[in-house]
Asks: 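Before I ask anything, here is the structure I am working with.
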Amino acid sequence: MKKESFLKILIIFFLLTSYCSRISYKSTPDTAGTYYYSVLIRAKVKQKDQKEKVKILLKYNDKGDNLIFLGPLNQILFETIIISSKTKMIIPKKKKYWEGKFSRFMKNMWGINTSYRQLKDLLLNKIIPKKTEGLHTFDITIKEPGKKGISKVIISDKTSRLEFRIYPIKKREGGLILNRDLGRYNRISLEEFHNDKKGP
């Protein structure tokens, strides 16, 4: 090979390596898992004089669960992250969060004493709670999916009625973002949380 040709190849090589070194890549978020499942749940609640409708977007895999509670205009009311037995309720707009037991949250919010596992098994897998579990005191009605694949679960007693419409479960590629930096968020009590999630 002639000296001039070798020098040309060498120059081109260094130009290419110099160009590639300047290319920047967007950093990916700290995700858990390589896939997850998502399902839309519409909840309708009637308790004495209280009526409430809310949409819940549930995303989950074997690493944890993420529930996003949406208002009538699809605005995010609050977000729930569940890893193992730890539950965090986050209000992103107000930079506030509550941390505690899911059963306590449900008792305060909708008047039913249930763990997250028990409620998830009921809604997604249609597993009726055992007599030793919190929901056994309620009447539970399960309606199998129709043509559109939407099933229905009704939890009721003399004073309240909760109706859940569960849409088909979909498998998605990618991981769940379960880690949140709450360093700038204020931790609040459960009572404060329920008041704040309703506010503007």
Side-chain angles (χ1 to χ4, degrees), residues 37-60 64-91 96-170 187-199:
Y37 297 97
S38 69
V39 56
L40 176 64
I41 301 172
R42 293 180 182 267
K44 188 187 298 183
V45 185
K46 292 182 181 179
Q47 290 179 315
K48 297 180 181 179
D49 297 332
Q50 176 190 358
K51 291 184 180 181
E52 184 178 8
K53 290 182 180 181
V54 64
K55 285 182 283 187
I56 306 167
L57 179 59
L58 167 59
K59 302 177 182 180
Y60 65 95
D65 296 57
N66 178 212
L67 298 89
I68 301 174
F69 289 73
L70 304 169
L73 302 177
N74 286 329
Q75 73 275 26
I76 297 177
L77 301 176
F78 61 96
E79 185 178 1
T80 304
I81 296 175
I82 300 173
I83 303 175
S84 187
S85 59
K86 296 180 179 179
T87 301
K88 291 181 181 178
M89 306 284 183
I90 305 167
I91 308 175
K96 295 180 179 181
Y97 76 97
W98 174 80
E99 185 173 355
K101 290 186 177 180
F102 184 85
S103 57
R104 187 179 167 213
F105 166 78
M106 289 299 293
K107 182 71 175 177
N108 192 290
M109 182 177 180
W110 286 336
I112 59 175
N113 182 24
T114 176
S115 67
Y116 175 70
R117 178 192 57 79
Q118 182 184 350
L119 184 62
K120 182 180 176 181
D121 278 346
L122 175 60
L123 298 183
L124 302 191
N125 302 320
K126 309 301 182 285
I127 298 175
I128 300 295
K130 298 176 182 178
K131 291 183 178 180
T132 56
E133 296 177 318
L135 284 177
H136 79 278
T137 58
F138 288 81
D139 293 323
I140 296 175
T141 304
I142 296 175
K143 296 185 178 180
E144 295 300 322
K147 292 182 179 180
K148 295 183 179 181
I150 303 172
S151 62
K152 187 181 292 186
V153 174
I154 300 171
I155 303 171
S156 62
D157 63 7
K158 294 180 180 179
T159 60
S160 61
R161 174 188 168 93
L162 288 80
E163 181 180 309
F164 298 93
R165 296 179 66 199
I166 303 100
Y167 288 71
I169 300 171
K170 297 179 181 180
R187 185 170 179 174
I188 57 178
S189 67
L190 185 57
E191 290 70 25
E192 288 177 287
F193 178 87
H194 281 296
N195 290 330
D196 282 335
K197 72 179 177 61
K198 299 176 183 178

Asks: Would you sort out whether Lys152 and Glu163 count as a side-chain contact (heavy atoms from CB on, under 4.5 Å), showing the intermediate values?
Replies: CA-CA 7 Å; Lys152 187 181 292 186; Glu163 181 180 309; 3.7 Å; yes
Asks: Would you say the side-chain atoms of Asn66 pair up with the backbone N or O of Leu58, donor to acceptor, closer than 3.5 Å?
Replies: no
Asks: Picking from Glu144, Lys126, Lys143, what satisfies side chain to side chain donor-acceptor pair (under 3.5 Å) with Ser151?
Replies: Lys126
Asks: In terms of the angle between their ring planes, are His194 and Phe105 parallel, tilted or perpendicular, with boundaries placed at 30° and 60°?
Replies: parallel
Asks: In Å and rounded to the nearest 0.5 Å, what is the CE to CD1 distance from Met89 to Ile81?
Replies: 10.5 Å
Asks: Using 0.5 Å steps for rounding, measure from the CD1 atom of Ile128 to the CG atom of Asn125.
Replies: 11.5 Å
Asks: Does Gln47 reach the main-chain N or O of Trp110 with its side chain, forming a donor-acceptor pair under 3.5 Å?
Replies: yes
Asks: For residues Val39 and Tyr167, report the shortest heavy-atom separation together with the two atoms involved.
Replies: CG2-O, 3.0 Å
Asks: Can you give me the closest heavy-atom contact between Ser103 and Asn113, atom names plus distance?
Replies: CB-OD1, 3.8 Å
Asks: Please round to the nearest 0.5 Å and tell me the distance separating atom NZ of Lys120 and atom CD1 of Ile82.
Replies: 8.5 Å
Asks: For the pair Tyr97 and Arg187, evaluate side-chain contact (heavy atoms from CB on, under 4.5 Å) and give the outcome as yes or no after the intermediate values.
Replies: CA-CA 5 Å; Tyr97 76 97; Arg187 185 170 179 174; 3.6 Å; yes
Asks: Rounded to the nearest 0.5 Å, what's the gap from NZ on Lys55 to CD on Gln75? Could you check?
Replies: 8.5 Å
Asks: Hey, could you give me the CZ/CD1 distance between Phe164 and Ile154, rounded to the nearest 0.5 Å?
Replies: 10.5 Å
Asks: Looking only at non-hydrogen atoms, find the nearest pair between Ser189 and Trp98 and report the distance.
Replies: C-CD1, 3.6 Å
Asks: Taking all non-hydrogen atoms of both residues into account, name the closest pair between Pro129 and Ile140 and its distance.
Replies: CD-CD1, 3.5 Å
Asks: Evaluate whether atom CD1 of Ile76 has more than 12 neighbouring non-hydrogen atoms of other residues, nucleotides or ligands under 6.0 angstrom away.
Replies: no
Asks: Could Glu99 and Lys86 be called an ion pair, given the rule that one side-chain N must be under 4.0 Å from one carboxylate O?
Replies: no
Asks: Run the side-chain contact (heavy atoms from CB on, under 4.5 Å) check on Leu122 and Thr114 step by step: do they pass?
Replies: CA-CA 11 Å; Leu122 175 60; Thr114 176; over 6 Å; no
Asks: Please round to the nearest 0.5 Å and tell me the distance separating atom CD1 of Ile127 and atom CG of Asp121.
Replies: 4.0 Å
Asks: Take Asn108 and Phe193 through the side-chain contact (heavy atoms from CB on, under 4.5 Å) test and state the conclusion after the steps.
Replies: CA-CA 10 Å; Asn108 192 290; Phe193 178 87; over 6 Å; no
Asks: Would you name the heavy atoms of Phe102 and Ser115 that are closest together and state the gap between them?
Replies: CD2-C, 3.8 Å
